[in-house]
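Written below as structure tokens is the structure these notes are about.
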Amino acid sequence: MAKIEKIALIGGGNMGGALAAGWLRGGKRSKVSADKLIVVDPAPGETIQKLAEKHDFTVCEALSLEQAETVDLVVLAIKVQAADTVAAHLKQVMREDTPLLSTIAGVSLNRLSIAFGDRPIMRAIPNTASEIGAGVTVCVANEEGDALEAEITRLLKGAGSVEWVLDERLTGTVGAVSGAGPAYVFLLAEALEGAGVAEGLPRDLAARLARETIVGAGALLASSDKSPQELRRAVTPQGGTAQAALDVLMGSGGGLPELVRQAVAAAERRSRQLASGSGRE
Ligand SMILES: NC(=O)c1ccc[n+]([C@@H]2O[C@H](COP(=O)([O-])OP(=O)(O)OC[C@H]3O[C@@H](n4cnc5c(N)ncnc54)[C@H](OP(=O)(O)O)[C@@H]3O)[C@@H](O)[C@H]2O)c1
């Protein structure tokens with residue numbers, strides 16, 4: 001497989017913006033050069049607008065036949081509700097062999113292949129930490145897409161780490177764990193700030209403490225070869241203050257771990273509903 005150089009990114013909202021930011025990081029060592037990126041979005045989000053000012057790539061409302069002829073990869077970062085309209089247009093302009101990489105949660109390889117025809121098709125479940133190159137993206141490919149694994153991995157590594165799964169059925173849970181995962185961590189920061197305020201801290205100090213604690217714990221996790229459980233135990237001496245807090249968090253009814261389990265199950269269910277068209281995003 002030849003190197004993927006020219007990319008059409010369809011959808012320049014939260015996810016498209018995060019991916020583009022990840023790809024364009026690193027100056028000359030960027031995974032995608034700005035003159036090889038076309039972002040297609042009638043109303044791109046703030047991240048794309050700022051990136052376009054800085055990097056001067058093409059932003060347009062629809063992919064023309066001439067543009068489509070030259071791209072090595074089309075990436076979908078649109079909501080599921082826009083998928084049929086987008087597919088109807090793209091199928092008319094894309095070359096028959098142009099590979100497709102979709103980030104749309106819940107839309108299967110099979111459904112993509114019906115909409116876009118037989119071609120190399122990959123699905124990627126990224127998250128928004130891709131924007132700073134700290135995302136994690138999980139991919140799965142159809143048979144024709146298998147050969148592109150190394151090239152797609154190289155590209156997505158600009159946005160963080162990359163994993164591949166063979167069983168597409170795992171992608172719903174992947175989306176619920178790592179795709180939506182940053183939202184759970186941000187909620188924890190909000191909750192920690194709120195608890196600090198409730199216990200008497202000034203709001204701005206509580207906000208800084210909550211933020212820095214999450215950032216520091218994340219950095220510690222990233223730099224340590226210990227498991228999260230080992231790291232937690234190291235800061236939870238028996239009978240101490242952290243232990244008193246964890247007795248509440250891990251207390252009756254399963255506590256936080258059980259709540260997170262239910263949250264992940266709900267996210268997975270929702271992705272199935274959205275993909276089947278029985279819900280509105
Ligand atoms: N956000 C996440 O954390 C995350 C994580 C994993 C996967 N995903 C997946 O990423 C996809 C995009 O999510 P998102 O959060 O980035 O949504 P989003 O912020 O709404 O971005 C979608 C963008 O596509 C644009 N758009 C609509 N119709 C279009 C068309 N015909 N051609 C080109 N662009 C069009 C939208 O414009 P308008 O706003 O004007 O409609 C919007 O700017 C979803 O399918 C989601 O499942 C997201």
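First listed ligand is number 1; within each ligand, the first listed atom is number 1.
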Under 4.0 angstrom from ligand 1, any heavy atom of [X]?
X: Thr85; result: no
X: Pro42; result: yes
X: Ala77; result: yes
X: Pro44; result: no

[X] versus ligand 1: do any nitrogen or oxygen atoms come within less than 3.5 Å of each other?
X: Lys79; answer: yes
X: Met15; answer: yes
X: Asn127; answer: no
X: Ile78; answer: yes

Quiz item: Do Tyr184 and Val136 belong together in a cluster built from hydrophobic side chains that touch within less than 4.5 Å?
Solution: no
Practice problem: Kindly determine whether Arg203 and Glu193 satisfy salt bridge (Lys or Arg N to Asp or Glu O under 4.0 Å), including the steps that lead there. | Solution: CA-CA 7 Å; Arg203 165 81 55 193; Glu193 175 187 332; 2.9 Å; yes
Approximate separation, where rounding is to 0.5 Å, of [X] [atom1] and [Y] [atom2]:
X: Lys157; Y: Ile152; atom1: NZ; atom2: CD1; result: 13.5 Å
X: Asn14; Y: Lys79; atom1: CG; atom2: NZ; result: 7.0 Å
X: Gln81; Y: Ile104; atom1: CD; atom2: CD1; result: 9.5 Å

Distance-only donor-acceptor check, side chains [X] and [Y], under 3.5 Å:
X: Ser108; Y: Asn110; value: no
X: Glu53; Y: Gln49; value: no
X: Trp164; Y: Thr153; value: yes

Quiz item: Considering only heavy atoms, does Ile104 approach ligand 1 within less than 4.0 Å through its side chain, its backbone, both, or neither?
Solution: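 The part of Ile104 near ligand 1 is both the backbone and the side chain.
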Quiz item: With backbone taken as N, CA, C and O and side chain as the heavy atoms from C-beta onward, which portion of Ala105 lies under 4.0 Å from ligand 1: side chain, backbone, both, or neither?
Solution: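 Answer for Ala105: both.
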Exercise. Could you list the atoms of ligand 1 found under 4.0 angstrom from a heavy atom of Ala43?
Key: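 Ligand 1 atoms under the 4.0 Å threshold to Ala43: 40 (O), 43 (O).
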Self-check item: Val86: numbered ligand 1 atoms lying under 4.0 Å from its heavy atoms
Solution: 30 (C), 31 (N), 32 (N)
Quiz item: Heavy-atom distance to atom 25 (C) of ligand 1: which of Thr103, Asp41, Thr128 wins?
Solution: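 Nearest option to atom 25 (C) of ligand 1, by heavy atoms: Asp41.
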Quiz item: So, Glu151 and Arg154, do they make that salt bridge, N to O below 4.0 Å?
Solution: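 A salt bridge links Glu151 with Arg154.
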